[in-house]
Asks: 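Below: one structure in structure tokens.
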There are 2 protein chains.
Amino acid sequence: MRPTVHDIAAEAGVSLATVDRVLNNRPGVRSVTRDKVERAIATLGYVRDVAAANLAKGRSYPLIFILPAGENAFMRGLEAEVRAAMARSPAERTEIALLCVPAFDARALADALAEAHRRRPAGVAVVAIDAPEVTRAVKRLRDDGIVVVTLVSDLPGSARDHFAGVDNIAAGRTAGNLMGRFLGGREGPVAVVAGSMLVRDHRERLEGFEAVLGECFSARQVLPVVEGQDDATLVEKLVAALLERHPDLAGIYSLGAGNRGLVAALERAGRAKTVCAIAHELTPHSRAALLSGTIDVLLNQDAGHEIRSAIRVLKAKADGLPVIEAQERIRIDIFLKDNLPNGQA
Amino acid sequence: MRPTVHDIAAEAGVSLATVDRVLNNRPGVRSVTRDKVERAIATLGYVRDVAAANLAKGRSYPLIFILPAGENAFMRGLEAEVRAAMARSPAERTEIALLCVPAFDARALADALAEAHRRRPAGVAVVAIDAPEVTRAVKRLRDDGIVVVTLVSDLPGSARDHFAGVDNIAAGRTAGNLMGRFLGGREGPVAVVAGSMLVRDHRERLEGFEAVLGECFSARQVLPVVEGQDDATLVEKLVAALLERHPDLAGIYSLGAGNRGLVAALERAGRAKTVCAIAHELTPHSRAALLSGTIDVLLNQDAGHEIRSAIRVLKAKADGLPVIEAQERIRIDIFLKDNLPNGQA
DNA sequence: GAAGTTTTGATGTACGTAAATCAAAAATTT
DNA sequence: AAATTTTTGATTTACGTACATCAAAACTTC
């Protein structure tokens, strides 16, 4: 049977109250006594029953999630996962609120963070934009003891407690490696379509992609990146222009959203099968394009894992508990049409 | 505030005892009364506080894990994760025992299952061998109400409750797709090295691999599979022979263990860079070979996820609770040298 | 060694549920 | 209508921890 507070009180030869004082480091315990108790804890291998402790404390965790608004299917997937987490709230002792702000708008995001601050939650999860006012807003939250986790796109210079997202440089490198190998000896340049260089994840993916092509496939020309604002209509226009200007285009790496536009442009130009397309995020559209062969590889981050991980980390950090980094690592899923899970998304 | 049993008693106009009878379907409640209570539960949106319930019940989950013995690095990784779970036992109310049996020995495995049966655990997790005596042993466990989860390699015809492992057909198909694309127009046949056709996961990977090559890369010759018994020494001999017999060998798919032998043979023959090698499971050796370029792609299943998922499922099923299949899906990790996590394994 | 301070003990209540007991009420049968 | 059975209520204890209160003991300080 696992030891309880009573057992360690008996083992240490002190009262329950003293054990409690040590465990919850309340004042009024001589250091000799404290040592006795701590030795008893060690020898018996006592571990606090977190469930019972939470029950007794009646603790709950008010959390705020801040996501970009708009049509971006991946972000809407994230939102769906946040709502699923809300539905689990009673069981997880969380009280989750959701704020949506215009995409790529640092000012609006900073305002949303200030609003979140006013509500005094235990923690905030935010899809960050890499801008000074955002960094400052995060700092103010942290100064008030509010835990901040960045989601999907990080804010490395800031005081954020944790980043729940993939290693975007590695993602870009992976795309570069696959693109290089898939193209093999085939001629022609490679294009890159991003959402915006304002967000760090897109910058990092580009950096990784270009690095690998430069290192390992230096014969391959990479065209200057174009920014589609994660907007399908704009992306379609841009890709159509690229296809027209470069009849020998060998590949496209779409590292942001708006893949409906990418797929439409490729198919309309009749180049779906000849251009190697690598894109990000599994959505109903990108899934269909992968199965049809228009997209060759999809890199994905599991939205459900990201949200659940963020919540675990927020709760742990709010309690001052350590986080097992290895367990919270968000993996880069690589989907070919052969390993597509047949369920959701 | 979330509703408690008291609230639903008040709402339904019955006593606490009656609510308890309904919640834990104890006998002695008229169906009219039961309906009243259930309506109250629905209108208040009551959700049982599982933590408090477990506390009150003092429930614990005796579980048994059965793994193959031997040098197989992946299996030893699984074992390490089981031991890590044992260390977490006090916090998770589990009591985990570990049995190791000789690999590829159906008889020994059936005996181990019988031994597990004798110990009357709440659940058993087992790396299955696809043999009638194993299926029968699993059936006997199930007939006694013991939950059975297969791990890594499934036993589809059996009564097992759940499979915690990857879709091995998809894994084989993925390997086939990548092999086909990586080789591009290059000449030469492809070899397949398995551990044993006795275990289902190896058979399924082979099936998927051959299917994709047949469907999409039908010009490519696939040599007959050779079985290395997951033994590095044997694998090295077999691969060395393959390399000698086929000077134009373009690729090798190693779908089992013993990759030390694969790497050694390739490097000794000076063919490490010219033969495209795709292998399974991230271990210290395979990781090094991926980084050095001897192995081109590693397919991996996360041992930690598998063990943790198996435990969650065993506990849930032991309580008769539903399992969220999507959440328990084990993903196929595809590692290139660019997206290798820098931590463990 | 008396007064003051700090440390410790004893005890009780609470959290939300499980499970048991016994009495009371309601329904059923005769 | 009495006897019997079934259903319901009231109450208690327990799980392991948190937290508060008050009294008793152990230390200081002068």
Side-chain angles (χ1 to χ4, degrees), chain A residues 1-41 44-61 89-95 318-321, chain B residues 1-41 44-61 89-95 318-321:
Chain A
M1 224 27 215
R2 83 186 265 200
T4 74
V5 278
H6 295 84
D7 299 322
I8 80 171
E11 171 79 16
V14 300
S15 78
L16 219 63
T18 302
V19 174
D20 179 71
R21 288 178 186 117
V22 173
L23 278 176
N24 300 290
N25 41 180
R26 286 184 242 281
V29 184
R30 273 187 306 169
S31 57
V32 257
T33 316
R34 185 173 294 272
D35 282 356
K36 269 199 298 187
V37 174
E38 270 159 3
R39 240 173 299 126
I41 290 175
L44 292 188
Y46 169 82
V47 188
R48 178 198 249 108
D49 183 328
V50 190
N54 281 338
L55 177 59
K57 275 197 281 221
R59 184 144 181 32
S60 92
Y61 303 84
S89 272
E92 298 182 348
R93 303 182 171 277
T94 54
E95 295 159 32
D319 285 340
L321 298 176
Chain B
M1 223 27 217
R2 81 187 263 200
T4 75
V5 278
H6 295 85
D7 299 323
I8 79 170
E11 171 78 16
V14 301
S15 78
L16 218 62
T18 301
V19 174
D20 180 71
R21 290 180 184 115
V22 173
L23 277 176
N24 300 290
N25 41 154
R26 284 184 244 281
V29 185
R30 272 188 306 167
S31 57
V32 256
T33 317
R34 185 173 294 272
D35 283 355
K36 270 200 299 188
V37 173
E38 270 159 2
R39 241 174 297 125
I41 290 175
L44 292 187
Y46 169 82
V47 187
R48 177 198 248 106
D49 184 327
V50 189
N54 282 339
L55 178 59
K57 276 197 281 223
R59 183 139 178 43
S60 92
Y61 303 83
S89 272
E92 298 182 348
R93 302 181 172 277
T94 55
E95 295 159 31
D319 286 340
L321 298 176

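Throughout, protein chains are lettered first and strands after them, A, B, ... in sequence-line order, and every chain is numbered starting at 1.
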Asks: Residues two or more places apart in sequence or in another chain: which of them pass side chain to side chain contact (heavy atoms under 4.5 Å, CB included) with B:V47?
Replies: A:P90, B:R2

Asks: Got a sec, which pairs hit salt bridge (charged side-chain N to carboxylate O under 4.0 Å, His left out) with one end in residues 12-28 of chain A, sequence neighbours left out?
Replies: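 Applying salt bridge (charged side-chain N to carboxylate O under 4.0 Å, His left out) to every pair that reaches into residues 12-28 of chain A, excluding sequence neighbours, yields A:D20-A:R26.
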
Asks: Please determine whether a side-chain nitrogen or oxygen atom of B:S15 lies at a distance below 4.0 Å from atom OP1 or OP2 of D:dA10.
Replies: no

Asks: Write down the distance between CD1 (A:I41) and P (D:dG16), rounded to a whole number of angstrom.
Replies: 16 Å

Asks: Return the value, rounded to whole Å, for the distance between atom CG of A:D7 and atom C1' of D:dC15.
Replies: 13 Å

Asks: Using side chain to side chain contact (heavy atoms under 4.5 Å, CB included) as the criterion, list what pairs up with B:A52, not counting sequence neighbours.
Replies: A:L55, B:D49

Asks: Each nucleotide N or O in nucleotides 13-23 of chain C that has a protein N or O under 3.5 Å away: list the pair and distance.
Replies:
residue	atom	partner	partner atom	Å
C:dC15	O2	A:A56	N	3.2
C:dG16	N2	B:A52	O	3.3
C:dT17	OP1	B:Y46	OH	2.6
C:dT17	OP1	B:D49	N	3.3
C:dT17	OP2	B:V5	N	2.8
C:dA18	OP1	B:N24	OD1	3.3
C:dA18	OP1	B:R48	NE	2.6
C:dA18	OP1	B:R48	NH2	3.1
C:dA18	OP2	B:N24	ND2	3.3
C:dA19	OP2	B:R26	NH1	3.1

Asks: Any salt bridge (charged side-chain N to carboxylate O under 4.0 Å, His left out) pairs touching residues 3-14 of chain B, not counting sequence neighbours?
Replies: none

Asks: Rounded to whole angstroms, how far apart are CZ on A:R34 and P on C:dT6?
Replies: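 For the pair A:R34 CZ and C:dT6 P, the rounded distance is 16 Å.
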
Asks: Looking at residues at least two apart in the chain, or sitting in another chain, which of them share a side chain to side chain contact (heavy atoms under 4.5 Å, CB included) with A:E92?
Replies: A:R88, A:T94, A:I311, A:K315

Asks: Please report the shortest heavy-atom distance between A:R48 and A:L23, naming the atom on each side.
Replies: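 For A:R48 and A:L23, the tightest heavy-atom pair comes out as NH2-O, 3.4 Å.
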
